[in-house]
6 protein chains.
Amino acid sequence: MNIEPLPDILIAPVIRAALAEDLGRAGDITARACVPADARLTADFAARRGGVVAGLSVIRLTLRELDADATVDPLTEDGQTVPAGTALARVSGNARAILTAERTALNLLGRLCGVATLTQDFVEAVSGTGAKITDTRKTTPGLRQLEKYAVRCGGGINHRFGLDDAILIKDNHVAACGSVGEAVRRAKAFAGHLVKVEVEVDSLVQLQEALAHDPDVIMLDNFSLGDLREAVRIADGRVTLEASGGVSLETVRDIAETGVDVISVGALTHSARVLDIGLDAVGN
Amino acid sequence: MNIEPLPDILIAPVIRAALAEDLGRAGDITARACVPADARLTADFAARRGGVVAGLSVIRLTLRELDADATVDPLTEDGQTVPAGTALARVSGNARAILTAERTALNLLGRLCGVATLTQDFVEAVSGTGAKITDTRKTTPGLRQLEKYAVRCGGGINHRFGLDDAILIKDNHVAACGSVGEAVRRAKAFAGHLVKVEVEVDSLVQLQEALAHDPDVIMLDNFSLGDLREAVRIADGRVTLEASGGVSLETVRDIAETGVDVISVGALTHSARVLDIGLDAVGN
Amino acid sequence: MNIEPLPDILIAPVIRAALAEDLGRAGDITARACVPADARLTADFAARRGGVVAGLSVIRLTLRELDADATVDPLTEDGQTVPAGTALARVSGNARAILTAERTALNLLGRLCGVATLTQDFVEAVSGTGAKITDTRKTTPGLRQLEKYAVRCGGGINHRFGLDDAILIKDNHVAACGSVGEAVRRAKAFAGHLVKVEVEVDSLVQLQEALAHDPDVIMLDNFSLGDLREAVRIADGRVTLEASGGVSLETVRDIAETGVDVISVGALTHSARVLDIGLDAVGN
Amino acid sequence: MNIEPLPDILIAPVIRAALAEDLGRAGDITARACVPADARLTADFAARRGGVVAGLSVIRLTLRELDADATVDPLTEDGQTVPAGTALARVSGNARAILTAERTALNLLGRLCGVATLTQDFVEAVSGTGAKITDTRKTTPGLRQLEKYAVRCGGGINHRFGLDDAILIKDNHVAACGSVGEAVRRAKAFAGHLVKVEVEVDSLVQLQEALAHDPDVIMLDNFSLGDLREAVRIADGRVTLEASGGVSLETVRDIAETGVDVISVGALTHSARVLDIGLDAVGN
Amino acid sequence: MNIEPLPDILIAPVIRAALAEDLGRAGDITARACVPADARLTADFAARRGGVVAGLSVIRLTLRELDADATVDPLTEDGQTVPAGTALARVSGNARAILTAERTALNLLGRLCGVATLTQDFVEAVSGTGAKITDTRKTTPGLRQLEKYAVRCGGGINHRFGLDDAILIKDNHVAACGSVGEAVRRAKAFAGHLVKVEVEVDSLVQLQEALAHDPDVIMLDNFSLGDLREAVRIADGRVTLEASGGVSLETVRDIAETGVDVISVGALTHSARVLDIGLDAVGN
Amino acid sequence: MNIEPLPDILIAPVIRAALAEDLGRAGDITARACVPADARLTADFAARRGGVVAGLSVIRLTLRELDADATVDPLTEDGQTVPAGTALARVSGNARAILTAERTALNLLGRLCGVATLTQDFVEAVSGTGAKITDTRKTTPGLRQLEKYAVRCGGGINHRFGLDDAILIKDNHVAACGSVGEAVRRAKAFAGHLVKVEVEVDSLVQLQEALAHDPDVIMLDNFSLGDLREAVRIADGRVTLEASGGVSLETVRDIAETGVDVISVGALTHSARVLDIGLDAVGN
């Protein structure tokens with residue numbers, strides 16, 4: 001599997017905010033009304049459908065906010081592909097705490113597994129071609145680092161995390177500079193020695209102009225398959241080529257076979273289906 | 001349309017957090033490298049596909065964080081159904097600010113319009129039946145109040161906002177109380193006079209037992225169409241009946257025609273497609 | 001007793017903010033100057049007057065912020081009525097930590113016990129009548145959920161927690177709608193199926209108008225005892241009736257005996273006397 | 001009057017937190033249901049009883065969070081004594097914003113005016129004696145700086161703002177040091193040159209011991225009137241003398257006439273009655 | 001040594017913010033790429049140069065955020081003077097956590113030790129004179145309480161912590177009041193009985209005027225050595241005298257020998273050299 | 001000059017936190033005591049010594065928090081070199097607000113100008129050599145993005161902003177991997193296509209091993225001048241070479257003349273002298 005998990009410190013604030021949103025001012029009034037304060041529960045977080053696991057630590061971090069002594073035993077690991085019916089983790093602790101944490105944990109975990117699962121679908125679709133699948137900044141507000149982690153769980157690689165960690169020149173930037181070449185020139189002069197520069201081009205002519213200024217990555221936006229192939233031929237390994245624009249599970253293999261290095265897919269984060277996960281009581 | 005918009009004060013914190021996430025520590029280095037500090041831009045946020053507008057104020061609130069003097073002219077309003085190609089709003093201001101705000105605004109706006117659009121599909125599917133479409137707590141962590149607003153924009157009504165504003169007794173709570181009836185009894189004793197009590201039942205037998213304790217709402221979980229019809233007959237208007245469980249656009253009309261009052265659909269928020277919206281420069 | 005305590009997660013942020021306010025930038029300079037860093041202390045939080053206990057977990061949560069290993073043994077429980085001189089809890093730990101935490105814990109605990117005690121006075125005054133005592137939104141800024149918890153400890157029930165969890169139509173809203181009836185009609189159309197609608201009326205005429213639109217609760221504002229009795233007769237059990245306005249310990253029983261269901265008392269939270277509690281060293 | 005108002009920056013965070021508490025996740029659903037989005041309102045914040053004004057800026061700061069264009073005209077000023085019926089300020093703006101802000105503003109304003117009014121009662125009770133009235137750290141969690149400001153509006157002076165801005169040696173600290181004298185000695189050695197040292201004594205013997213170590217202030221805790229007089233004679237102006245313990249409006253003048261410099265009164269902040277203030281519509 | 005350490009609660013928020021700044025959105029990608037998740041490490045924080053230790057608890061608080069089970073053994077204590085090469089503390093725990101925490105801990109610890117070391121240099125330079133060394137408000141934004149703690153570790157005393165805990169009248173305030181005397185008069189009338197009043201004077205004439213109004217402290221700003229001596233003679237012990245302005249290690253002893261009580265040195269916090277500290281692996 | 005300023009949104013939180021730290025709970029009691037509430041002031045922020053301007057917007061952002069209507073006229077611009085005595089900006093507004101803001105603005109501005117000035121010294125020292133000066137992560141906790149901006153104002157380029165935006169393999173990481181080559185290999189496999197990989201080597205042998213795995217940047221740590229020259233010869237332009245370790249103004253030119261591309265200097269941020277800036281009243 002070989003997924004390197006995020007440290008808790010990057011996940012916990014999201015979970016605390018989500019719990020606060022769900023608890024409101026009065027907390028879980030149903031659990032307080034109906035469940036004895038000292039009742040115990042053991043339960044499994046189980047996948048109702050098959051998919052890729054991502055974000056298991058969400059269960060532990062959510063539950064521990066409500067019951068510091070709860071036990072959480074992962075039965076799977078992030079990055080693992082599981083069939084429908086798989087118990088992902090078993091929790092045991094105060095019954096109210098578990099029932100209160102349930103929805104917050106499921107909302108986040110289901111989303112992350114969903115992103116990982118869709119990513120894996122794309123990764124498998126290009127299997128053997130050498131192309132890598134990458135994400136975009138089209139992420140859920142507040143969840144970017146978690147969703148990008150889920151992309152890695154699904155076998156993808158990450159594009160920029162934000163506006164500040166790489167330069168990506170798009171059409172509006174080119175318009176402000178006058179030309180693709182001038183835009184890349186300015187960007188390289190501005191960037192520090194640890195910042196990569198990528199430029200989006202929409203034609204082979206622009207590709208040639210971009211290549212002359214030696215960016216790190218060139219994004220081929222909405223190129224036809226023929227133009228992608230020609231771009232690969234022209235670039236000839238001098239630069240990383242990223243195909244972008246309207247990529248779907250139907251089209252991604254053909255794109256990969258043109259020889260591009262990376263294919264970016266906004267759908268990984270903005271259109272993934274939540275993986276259906278439920279909580280099954282197994283005792284108390 | 002008649003959608004009552006959320007006050008800005010409920011939306012602004014989400015936007016500030018999303019902007020912080022995208023700006024990171026160094027901000028938009030591409031815009032700073034390639035766009036003159038005093039360049040101006042006028043641009044339209046335009047729907048690439050048809051759908052229901054929800055969350056237009058996101059554009060203003062995002063852009064104003066970066067350019068307090070920018071102008072934002074809404075060309076549509078929340079709750080309105082628009083065809084593909086419709087310009088939703090026109091913005092004018094500092095070019096860097098607009099380009100920096102673009103992705104943050106689009107990520108949130110596209111998601112809200114997506115939720116509203118899917119909600120409207122369900123609402124139209126049950127048109128004329130008397131059934132209302134409602135959401136669940138299966139929302140995106142951190143975005144619940146915004147997504148529930150989007151549900152209203154699409155013509156739906158809102159279920160609970162959290163664990164604290166109504167009592168909803170589910171199977172695990174029933175298990176802890178011993179019976180549906182005892183659970184409702186405890187809940188009604190616990191609840192204040194402004195808190196409604198809903199109980200989930202999974203059979204007509206449980207429905208009868210629940211009715212005897214007079215909850216405000218009974219959720220019929222995964223009932224067959226036949227059982228739903230029978231439940232409506234039994235309840236005879238004494239209680240609000242909510243159908244729940246695996247509702248899809250294919251099945252929702254049949255469910256509505258059984259005579260239930262409300263149909264809850266988790267998909268509204270956990271599986272809505274983002275509405276594709278783009279930013280088109282129209283001058284400077 | 002049967003008070004269901006708030007989860008720590010809802011109380012801890014209030015305590016951390018209060019401690020920060022007291023510690024300032026340099027912390028407890030008196031303790032650091034005069035008390036050895038490793039001195040130990042055992043002490044009791046003792047009620048100087050009799051009253052109702054509410055918020056005992058405040059002691060533990062405050063002290064643990066300063067000494068994670070301190071022991072806190074509750075000697076009473078929330079909702080319990082205690083005579084003057086009762087030790088509520090015994091703490092043992094680092095002496096500086098206890099002395100530093102003392103005022104913050106006492107300020108909050110004394111206030112909560114004060115609210116609970118006053119609530120109980122009202123509850124006892126109406127004992128046997130069937131009327132319930134409820135609070136209002138006239139709470140201390142920042143302490144609403146804690147004060148409403150204290151009301152429950154004193155035997156009261158909670159009114160709305162905020163502007164968002166029930167609709168309460170007052171005179172200014174009626175003015176904007178044209179009539180009580182139209183206001184209730186709009187509110188019911190706006191409200192989701194889990195939101196109750198209450199309307200304030202100031203005359204029997206308005207009561208009749210309100211009843212025609214079937215709200216969940218009608219607030220009888222500043223009604224004479226005679227009008228309250230008449231209102232109970234008119235409503236005849238079809239709706240929850242809440243008496244409101246200038247309720248005091250002197251008047252509450254007469255009001256209760258008119259047959260209203262609920263009596264709301266702003267004084268519970270805005271005019272409760274702090275219960276005098278002190279910290280008594282018992283050893284080290 | 002001559003009250004120097006707090007800068008807005010010290011008040012605004014309290015107001016934003018209080019508004020968030022009241023708005024919850026869905027905001028003011030009553031106003032949205034019943035009041036047109038563009039309705040206007042002009043209204044007065046009027047004192048129902050006489051008292052001392054404190055915290056008028058609360059009105060402006062609360063309302064502006066909801067309607068940045070609202071006008072707020074103060075008709076009185078902080079520190080002013082007003083009779084029942086006085087309009088304190090007139091507001092004009094969006095009707096929903098005013099109705100939504102009303103309770104939050106009133107809760108805070110009423111509390112501050114209450115503190116100022118009670119303070120003034122004490123100040124007037126000692127009028128002509130030379131004694132000053134001061135507060136304690138027995139303040140509402142989260143509101144200390146505002147309540148201490150209200151004390152100043154009522155003519156009092158402020159004691160410590162927290163544990164860090166002066167040293168106040170109490171019995172437990174003395175116990176840890178072995179003697180009053182040793183405690184003062186340690187405190188003076190620890191304190192910087194801008195930090196005052198106060199010590200609490202409970203007998204004339206301790207007073208003598210304390211005087212020998214030259215603290216800035218000596219607190220005479222629960223002294224009889226006779227002992228207070230004797231303490232004043234002994235100290236002979238060498239140190240500020242503060243009387244403390246069980247001070248009430250009945251006893252404060254006698255205490256003041258003993259010649260002490262300062263009298264501290266916990267009741268100013270922990271037992272002030274909220275001043276009854278209401279919002280009266282005056283047009284639209 | 002006798003340094004009274006700050007409670008963790010005053011340091012932890014600074015450390016969490018610093019860690020967040022360093023971890024960004026994706027965390028330590030180098031450690032995740034190159035160090036196995038379960039690798040262990042034991043390492044020493046060692047001073048590369050000699051100096052005064054200040055802020056050792058920073059190591060524990062930083063590391064525990066990333067590995068709650070790490071052990072941190074202090075080998076020295078705050079306030080201790082150590083030669084180059086001294087191991088200040090030994091840590092043992094998860095290797096990734098230690099490597100990730102390293103820079104954040106070092107940045108803060110090195111700065112605090114630097115402040116303490118420079119303070120000690122000044123303290124030693126005035127040794128035997130009776131003058132004390134104090135800091136100013138020229139501190140690093142966000143680190144004031146920590147830097148002032150480091151001043152104490154170096155043997156200095158603290159001046160004001162902020163604008164609110166003492167009154168310090170400077171030239172612009174005097175200008176607004178018309179004269180030094182009037183400024184002191186207003187300040188003493190405004191100040192509570194636990195607030196000291198200091199006034200800055202720039203000549204012997206102003207000193208005389210200030211003395212007539214009996215402030216607690218007089219700051220002699222940029223006085224010549226002759227004028228300082230004369231000021232000491234004039235004040236004759238009636239007030240604390242603080243020398244200020246352009247104090248350096250070269251000039252401080254001469255200033256101290258004039259007989260002033262306190263010498264304030266902005267350089268302690270704004271120009272201290274960071275103490276060079278490194279992390280040396282000692283095993284795993 | 002051509003410095004692209006940071007957006008306000010990245011600076012404002014630092015300023016608000018610094019103001020809060022200085023205002024404490026009671027605010028500027030000196031200004032409130034001595035300066036009339038409506039007094040006006042015009043004043044210049046003037047450099048007492050020559051240096052490089054960085055962070056001018058700090059003045060505006062600080063003052064506007066206290067007086068939203070103050071005017072701030074920059075008289076210089078970021079990146080500009082100014083002689084001693086230069087007025088950097090003129091402010092005009094409420095006198096209290098300006099005096100209260102003064103120290104907070106100066107503390108931050110002086111630090112940023114100090115960093116820019118020291119950076120420029122290094123940049124000028126290597127002028128004409130082709131080497132660039134870069135910073136490190138040895139920044140002040142909480143001020144990293146601002147200090148790195150100041151480095152750019154002084155003509156430097158930025159190294160990593162945190163642990164997450166590039167991979168930098170150091171000795172401890174190499175130890176965990178077994179060899180430099182294996183560490184680079186793992187890092188490149190882990191990194192996304194927009195993340196650069198840098199590796200630290202401490203000998204020419206390690207350099208050779210690193211080159212074989214094609215990192216983006218190689219850091220030559222504490223190399224002799226001879227070894228630096230040899231490294232440049234060996235690398236022959238295939239990779240960016242960064243010299244690091246004990247770089248001072250005395251040694252930097254010799255290092256630059258070896259032909260390395262980048263020289264990293266921790267002193268830029270950890271040992272810069274604060275630029276002495278003062279506030280001079282020029283009228284009211």
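Protein chains get the first letters and strands the later ones, always in sequence-line order, with residue 1 at the start of each. What you see below is based on every heavy atom in this structure, not just the backbone, and it leaves out hydrogens, waters and symmetry mates.
Using a 4.5 Å cut-off between heavy atoms, Val195(A) contacts chain B through its side chain alone, with no backbone atom that close. Looking at Leu99(B), the atoms closer than 4.5 Å to chain A (heavy atoms on both sides) all sit in the side chain, from C-beta outward. Heavy-atom distances place no part of Thr136(A) under 4.5 Å from chain B, backbone and side chain included.
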Might you work through the side-chain contact (heavy atoms from CB on, under 4.5 Å) test for Arg32(A) and Leu163(B), ending with a clear yes or no? CA-CA 11 Å; Arg32(A) 293 220 306 278; Leu163(B) 292 162; over 6 Å; no
One pair to check against side-chain contact (heavy atoms from CB on, under 4.5 Å): Leu143(A) and Thr140(B). What are the steps and the verdict? CA-CA 9 Å; Leu143(A) 302 184; Thr140(B) 308; 3.8 Å; yes
Assess whether side-chain contact (heavy atoms from CB on, under 4.5 Å) is satisfied between Leu23(A) and Asp164(B), documenting all intermediate values. CA-CA 6 Å; Leu23(A) 291 171; Asp164(B) 64 326; over 6 Å; no
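With hydrogens and angles disregarded, a donor-acceptor distance shorter than 3.5 Å links the side chain of Arg186(A) to the backbone of Cys34(B). Using modelled atom types, one side-chain atom of Thr30(B) and one backbone atom of Leu168(A) make a donor-acceptor pair closer than 3.5 Å.
Looking at Pro141(A) and Thr104(B), their side chains never come closer than 4.5 Å, going by heavy atoms from C-beta outward.
For the residue pair Val35(A) and His173(B), the shortest heavy atom distance occurs at CG2-CD2, 3.8 Å.
Residues meeting the side chain to side chain donor-acceptor pair (under 3.5 Å) test with Ser264(B), sequence neighbours left out: Glu242(B).
With salt bridges taken as basic N to acidic carboxylate O contacts below 4.0 Å, one links Arg144(B) and Asp22(A).
Checked options Val274(A), Asn107(A), Leu106(A); the residue passing with Lys138(B) is Asn107(A) (criterion: side-chain contact (heavy atoms from CB on, under 4.5 Å)).
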